[in-house]
Number of protein chains: 2
Amino acid sequence: MKMTLEEIARLAGVSRSTVSRVINDDPNVNDTTRERVWQVVKANDFHPNTAARALAGRRSRVIGLVIPQALNAIFADPYFPLLIQGSAAACDERGYYLMLSLVLRQADDTFRWLIRARHMDGLLVASALAEDTFLTRLLDEHFPLVLVGRSPAHADITTVDVDNVHGASMAVRHLAQMGYSRIATITGPTNMVAALDRREGYLRGLQAMGIEASAGYMQAGDWSEGSGTQAMERLLRVTPRPDAVFVASDNMAVGALKAARAAGLRVPEDIAVVGFDDIGPAATAEPPLTTVRQPIDQLGYLAASTLIEQLESAPAAETDRAAQHIVLPTELVVRASCGQALRPAANYAAMQRVPSEGGVTYSQA
Amino acid sequence: MKMTLEEIARLAGVSRSTVSRVINDDPNVNDTTRERVWQVVKANDFHPNTAARALAGRRSRVIGLVIPQALNAIFADPYFPLLIQGSAAACDERGYYLMLSLVLRQADDTFRWLIRARHMDGLLVASALAEDTFLTRLLDEHFPLVLVGRSPAHADITTVDVDNVHGASMAVRHLAQMGYSRIATITGPTNMVAALDRREGYLRGLQAMGIEASAGYMQAGDWSEGSGTQAMERLLRVTPRPDAVFVASDNMAVGALKAARAAGLRVPEDIAVVGFDDIGPAATAEPPLTTVRQPIDQLGYLAASTLIEQLESAPAAETDRAAQHIVLPTELVVRASCGQALRPAANYAAMQRVPSEGGVTYSQA
DNA sequence: ATGAAAGCGCTAACAA
DNA sequence: TTGTTAGCGCTTTCAT
């Protein structure tokens with residue numbers, strides 16, 4: 001049986017508008033009336049028709065999460081469930097609904113539909129490439145948008161990111177302080193900003209410790225475990241062989257550990273490994289993985305909150321205000337794979353966890 | 001710049017209704033007119049507003065894919081990207097859009113919102129539990145629905161499933177024919193229908209070959225690789241030790257192979273392994289995995305097509321017609337892990353692939 | 001083959 | 001605080 005506002009109004013003995021006010025938490029309603037209306041609403045399990053709502057109110061209370069990557073890459077990566085969880089939690093809290101949107105036929109039709117048909121109020125874009133045409137086109141349409149990560153090409157987007165550079169640099173400096181000097185890195189795909197940032201952090205870390213970088217010590221993977229194994233195999237063939245590796249994701253680090261083991265090397269005695277993420281198998285790896293923790297769920301939560309904030313505050317189409325850039329801190333989680341236990345520098349006792357000095361940073365574009 | 005039907009109509013010099021007819025492929029439009037209108041539509045990149053469409057036409061052309069499982073379980077399983085790909089393809093073809101819907105706060109609010117608010121025209125439900133309250137409630141609402149898999153508790157839902165029983169039975173019979181006689185199984189979670197069906201197939205296979213089943217030879221996993229390893233470790237402790245294992249997913253089978261290797265056993269010399277799915281690492285496992293292939297993308301494709309069919313044919317709310325049950329065949333893909341190479345029974349030469357006799361089966365509830 | 005007109009169920013001024 | 005009144009942008013009879 002189909003319920004409408006009108007019907008509820010009739011049953012509660014008030015006007016349609018009053019019911020509308022009640023279900024929209026408008027303060028201008030008499031408490032008694034409000035109570036009575038709620039009663040009827042509950043009793044009939046009434047839910048307002050979204051289509052009508054969206055049409056009249058010009059908003060749908062749906063936001064989309066779009067990950068412009070191949071489906072199998074998305075599903076293989078333990079990063080995304082956490083991101084989704086965080087975003088969904090924020091949406092829940094604010095009465096929004098999160099839909100995962102596919103962009104399969106790369107960008108084209110789907111994209112237009114997504115935007116022009118106004119099926120959702122805004123978009124969370126995760127894991128975009130450094131040069132992402134999809135992103136560019138969304139911006140051209142002035143569609144409300146928050147980017148998870150950052151995009152050097154577009155300073156005017158609101159972004160929520162973790163401090164990749166600092167996190168990576170911390171990891172490398174830690175390795176150097178543990179006494180390693182031939183420090184290599186396994187990066188993510190070099191068309192992704194997060195991968196580039198972590199590589200940049202790696203380079204800065206080396207520099208800070210007065211170590212010279214070498215091209216042969218940088219091998220790229222694609223975030224997958226298998227690519228970590230392969231990159232590690234390549235590194236082990238380099239002369240002189242690295243004695244430590246900073247790996248840009250835990251997934252790849254686990255793969256790298258396998259390669260080291262297969263080559264008959266002990267970790268961390270022969271070669272140290274530090275990962276990035278602190279998810280999945282980091283803690284239970286053999287040996288337990290020292291890694292840079294990033295708060296992925298918080299990232300999702302903040303991204304969604306920020307988008308919603310923006311949607312609700314924006315005077316209509318005025319989306320192009322000063323973009324916010326939120327950066328979350330990373331922290332180094334020290335376990336066994338970095339040789340901490342092996343060479344316990346006296347002053348490291350209190351450093352089991354080294355928080356980034358960053359904290360949450362707000363800045364204007 | 002906001003386009004509306006009205007605006008397009010003005011630009012094309014026709015009425016709003018004509019434009020509506022054109023974009024909805026109504027045959028009652030003069031070809032010349034149609035052409036002219038399309039021109040204007042394209043030129044302005046016009047996409048009708050979904051909300052308005054949904055409100056006036058009572059449909060949104062969006063269907064949802066719901067997987068009532070924990071997020072990390074979904075993302076860890078290589079099954080889902082394929083399923084999504086198939087469903088999305090079908091949607092694309094028919095002008096629908098597939099959205100992945102989360103059901104996080106188990107069922108309650110989200111569920112009601114999803115259904116009552118009519119945000120989508122229909123739902124694809126995948127990987128539901130044998131006793132799924134979520135499913136029950138959807139049915140109570142008479143919401144258009146197709147189940148990927150099957151639900152013994154609800155004979156009246158349209159379902160699309162693979163022939164799990166037959167596939168599993170094939171695998172077991174094959175092992176028996178290879179000369180193995182102490183055949184164990186690693187099942188999926190025993191609250192899921194697909195897992196139960198495969199176990200049933202295992203039992204029937206044993207029976208067909210005149211082998212007695214034993215409870216100790218059945219260990220449950222949760223589809224994950226790790227759970228496969230653990231289940232295998234348990235099996236290897238049973239006396240007498242099994243000489244073959246049918247594992248209900250490739251993921252778990254890979255885990256099982258690891259356990260066997262760790263125990264110093266050779267596969268298939270000491271113990272044979274057959275998996276289920278034929279995705280992910282099956283072909284590249286060490287040794288390559290004999291497995292039961294299920295056409296997951298087709299499953300998704302058919303599920304979506306069937307749902308759309310149902311939506312478009314259903315005279316309004318009359319969803320409760322006779323439910324269709326579509327069953328897709330599975331096939332045995334023979335590789336090395338089952339000992340085929342070891343004991344080449346003469347008459348197996350032509351059997352590299354044993355298709356299920358099933359074929360596509362349509363039946364009425 | 002085309003147009004006019006009546007809603008779909010809601011929100012949001014504006015009145016009262 | 002509440003009700004009245006226009007729409008939101010589209011689909012869909014019903015005329016023409």
Side-chain angles (χ1 to χ4, degrees), chain A residues 1-38 41 44 46-62 95 113 115-119 121 311-312 315-317, chain B residues 1-38 40-41 44 46-62 95 113 116-119 121 311-312 315-317:
Chain A
M1 140 104 153
K2 165 183 51 188
M3 271 294 155
T4 68
L5 259 197
E6 195 78 48
E7 185 71 1
I8 298 292
R10 204 178 54 67
L11 293 173
V14 295
S15 81
R16 204 178 357 155
S17 338
T18 300
V19 181
S20 175
R21 289 188 185 102
V22 170
I23 64 175
N24 288 300
D25 284 323
D26 186 315
N28 291 335
V29 180
N30 181 301
D31 282 349
T32 328
T33 315
R34 180 192 307 282
E35 185 55 36
R36 183 154 36 94
V37 172
W38 265 127
V41 167
N44 296 76
F46 169 71
H47 288 245
N49 178 309
T50 6
R53 251 185 151 172
L55 182 56
R58 284 163 276 297
R59 67 221 192 88
S60 60
R61 294 197 150 260
V62 173
W113 186 84
I115 303 322
R116 311 290 300 219
R118 299 257 131 193
H119 201 275
D121 296 345
L311 290 173
E312 306 211 315
Chain B
M1 141 106 156
K2 165 183 51 189
M3 270 295 156
T4 68
L5 258 197
E6 193 76 67
E7 185 70 1
I8 298 291
R10 204 179 54 68
L11 293 172
V14 296
S15 81
R16 205 179 0 168
S17 332
T18 302
V19 180
S20 176
R21 289 190 185 102
V22 170
I23 64 175
N24 287 299
D25 285 323
D26 186 314
N28 290 337
V29 179
N30 182 303
D31 282 349
T32 328
T33 315
R34 180 193 307 283
E35 184 56 35
R36 184 155 35 92
V37 171
W38 265 126
V40 181
V41 166
N44 295 76
F46 169 71
H47 288 246
N49 178 306
T50 341
R53 241 183 163 176
L55 182 55
R58 287 163 273 301
R59 67 222 189 87
S60 59
R61 293 196 150 261
V62 173
W113 187 84
R116 311 290 299 226
R118 302 252 125 197
H119 205 102
D121 296 345
L311 290 173
E312 306 210 316

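Letters A, B, ... are given to chains in the order of the sequence lines, protein chains preceding strands, and every chain is numbered from 1. Every value quoted in this text rests on a predicted model; they were computed, and no experiment measured them.
Atoms CD (A:Glu6) and P (C:dC8) sit 10 Å apart, rounded to a whole Å. Taking atom CZ of A:Arg36 as the reference point, atom P of D:dT1 lies 15 Å away to the nearest angstrom. In this entry the distance linking CG of B:Asn30 with P of C:dA1 reads 7 Å, nearest Å. In this structure, A:Arg10 atom CZ and D:dT2 atom C1' are separated by 19 Å, rounded to whole Å. For the pair A:Asp25 CG and C:dT11 C1', the computed distance is 15 Å after rounding to whole Å. For the pair A:Arg59 CZ and C:dT11 C1', the computed distance is 10 Å after rounding to whole Å. When the P atom of D:dT13 is taken as reference, atom CG of B:Asp26 falls 11 Å away, rounded to whole Å. Taking atom NE2 on A:His47 and atom P on C:dC10, their separation rounds to 12 Å, with Å as the unit.
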**Derivation of the side-chain hydrogen bond (donor to acceptor under 3.5 Å, both in side chains) call for B:Asn24 and B:Arg53** = CA-CA 11 Å; B:Asn24 287 299; B:Arg53 241 183 163 176; 2.9 Å; yes
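Interface remark: the A:Arg21 side chain does form a donor-acceptor pair with the D:dG3 base, using a distance-only criterion of under 3.5 Å.
Within 4.0 Å of B:Asn28, counting heavy atoms only, lies at least one base atom of the nucleic acid. No contact: A:Thr50 has no heavy atom under 4.0 Å from any strand. In this structure, B:Thr18 reaches the sugar-phosphate backbone alone: every heavy-atom distance under 4.0 Å involves primed, P, OP1 or OP2 atoms, never a base.
For C:dT11, one of the phosphate oxygens OP1 or OP2 lies less than 4.0 angstrom from a side-chain nitrogen or oxygen of A:Asn24. In terms of phosphate contacts, B:Ser15 brings a side-chain nitrogen or oxygen within less than 4.0 Å of OP1 or OP2 of C:dG3.
Counting heavy atoms from C-beta on, the side chains of B:Ile23 and B:Leu5 come closer than 4.5 Å. Contact check for A:His119 versus B:Val62: side-chain heavy atoms found under the 4.5 Å cut-off.
When each of A:Val19, A:Val22, A:Val29 is checked for a side-chain contact (heavy atoms from CB on, under 4.5 Å) with A:Val14, only A:Val19 meets the rule. Each of A:Thr33, A:Val37, A:Asp26 was scored for a side-chain contact (heavy atoms from CB on, under 4.5 Å) with A:Arg21, with one residue passing: A:Asp26.
Here D:dT2 is the nucleotide among C:dG9, D:dG3, D:dT2 with the atom lying nearest to any side-chain atom of A:Val29. Taking the side chain of A:Ala56 as heavy atoms from C-beta on, and the options D:dT11, D:dG3, C:dC10, the nearest nucleotide is C:dC10. Set against D:dC10, C:dG9, C:dT11, the side chain of A:Ser20 has C:dT11 as its closest nucleotide. Distance from the side chain of B:Ser17 is smallest for D:dT12 among the nucleotides D:dT1, D:dG9, D:dT12.
Mapping B:Asp31 and A:Leu55 onto DNA chain C by nearest heavy atom places B:Asp31 at the nucleotide closer to the 5' end. When the nearest nucleotides of DNA chain C are assigned to B:Arg16 and A:Arg53 by heavy-atom distance, the more 5′-ward of the two goes with B:Arg16.
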